[in-house]
Amino acid sequence: MKSLIQKYSLSAGKVNRRHVQTFLVLLTLSMLVLGAGAPGMSGGVGGF
Amino acid sequence: MILVLAIAAGWLTGLVRSWIVRKPYRVPELSRTWLVLVAVAPQLLIFQIPYTAGWFSDTWASAVLVISQLLLLGFVWFNRDLVGFRILGLGLILNLLVIILNGGLMPLAPETAQALYPEVSPSVWQIGSRPGMSKNILLLYEDTHLAFLSDSILLPAWFPWTRALSPGDLLIVLGVFWLLAVESPAKPNPQELSPG
């Protein structure tokens with residue numbers, strides 16, 4: 001159990017600024033394409 | 001969903017290209033990202049979340065869609081140094097143009113709607129109405145301004161998500177893909193550029 005925690009701690013330690021930046025950029029771009037694009041019937045609400 | 005798929009495809013392609021050229025993958029730094037949040041949050045309330053979508057009339061929906069797209073255009077402008085954003089911006093402008101010229105929502109022909117949902121009775125598609133809580137308005141193709149820029153491109157039936165796309169949507173997909181697949185791995189390391 002202890003080694004498992006150590007393993008995950010090490011993995012978390014490898015998450016650096018570049019990873020966070022990549023995540024934020026991908027998140028921003030996802031929101032951007034959702035907002036900018038208007039595929040037909042994209043709402044999916046109200047039965048469609 | 002189809003648009004978000006372009007991000008995943010672009011990112012994976014970029015990672016493979018980075019691995020091939022043996023350079024670390026670096027996404028570009030974006031400017032004024034808060035504009036995207038401000039622009040998209042109202043859209044989520046009106047077009048995506050069923051609970052809140054019913055609170056807004058079609059007039060509000062069209063006004064919010066246009067304002068939101070203008071804010072996104074501002075974000076694209078601040079990041080226009082990247083080629084991907086120029087392509088994406090062109091798609092955004094084409095979508096915005098056809099939306100504005102047709103009353104604030106993206107036109108969709110009843111024939112296209114029927115092709116998307118063949119199980120729905122044709123009588124459901126009322127001209128001038130907004131189907132469900134989508135960004136679309138049902139208009140006859142011949143009555144639509146710049147109809148070729150509307151949601152008129154149908155994805156093949158074998159595709160998991162059957163959707164109609166506009167030429168602007170295709171440019172948005174291409175721009176995002178270019179940004180993540182082509183521009184990101186080729187971006188030089190700032191440490192390599194600095195003297196010494």
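Quick caveat, the model's predicted, so the values are computed rather than measured. Letters A, B, ... are given to chains in the order of the sequence lines, protein chains preceding strands, and every chain is numbered from 1.
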B:Y51, part contacting chain A, at a heavy-atom distance under 4.5 Å
neither
If you look only at distance, which donor and acceptor atoms sit under 3.5 Å apart when one is on a side chain in residues 22-32 of chain A and the other is two or more places apart or in another chain?
from  : atom 1 : to    : atom 2 : distance (Å)
A:T22 : OG1    : A:R18 : O      : 2.8
A:T28 : OG1    : A:L24 : O      : 2.7
A:S30 : OG     : A:L26 : O      : 2.8

Derivation of the ring pair (Phe, Tyr, Trp, His ring centres under 6.0 Å) call for B:F85 and B:F75:
CA-CA 9 Å; B:F85 270 103; B:F75 170 72; 5.5 Å; yes
What residues, two or more places apart in sequence or in another chain, satisfy salt bridge (charged side-chain N to carboxylate O under 4.0 Å, His left out) together with B:D58?
B:R130
Cut-off 4.5 Å, heavy atoms of chain A, and the answer for B:L37 is both
Leading residue by heavy atom contact count with chain A [cutoff under 4.5 Å; candidates B:L73, B:T112, B:L105, B:L30]:
B:L30
Do B:L108 and B:L140 sit in the same hydrophobic cluster, where Ile, Leu, Val, Met, Phe, Trp and Tyr count as joined when their side-chain heavy atoms come under 4.5 Å apart?
no
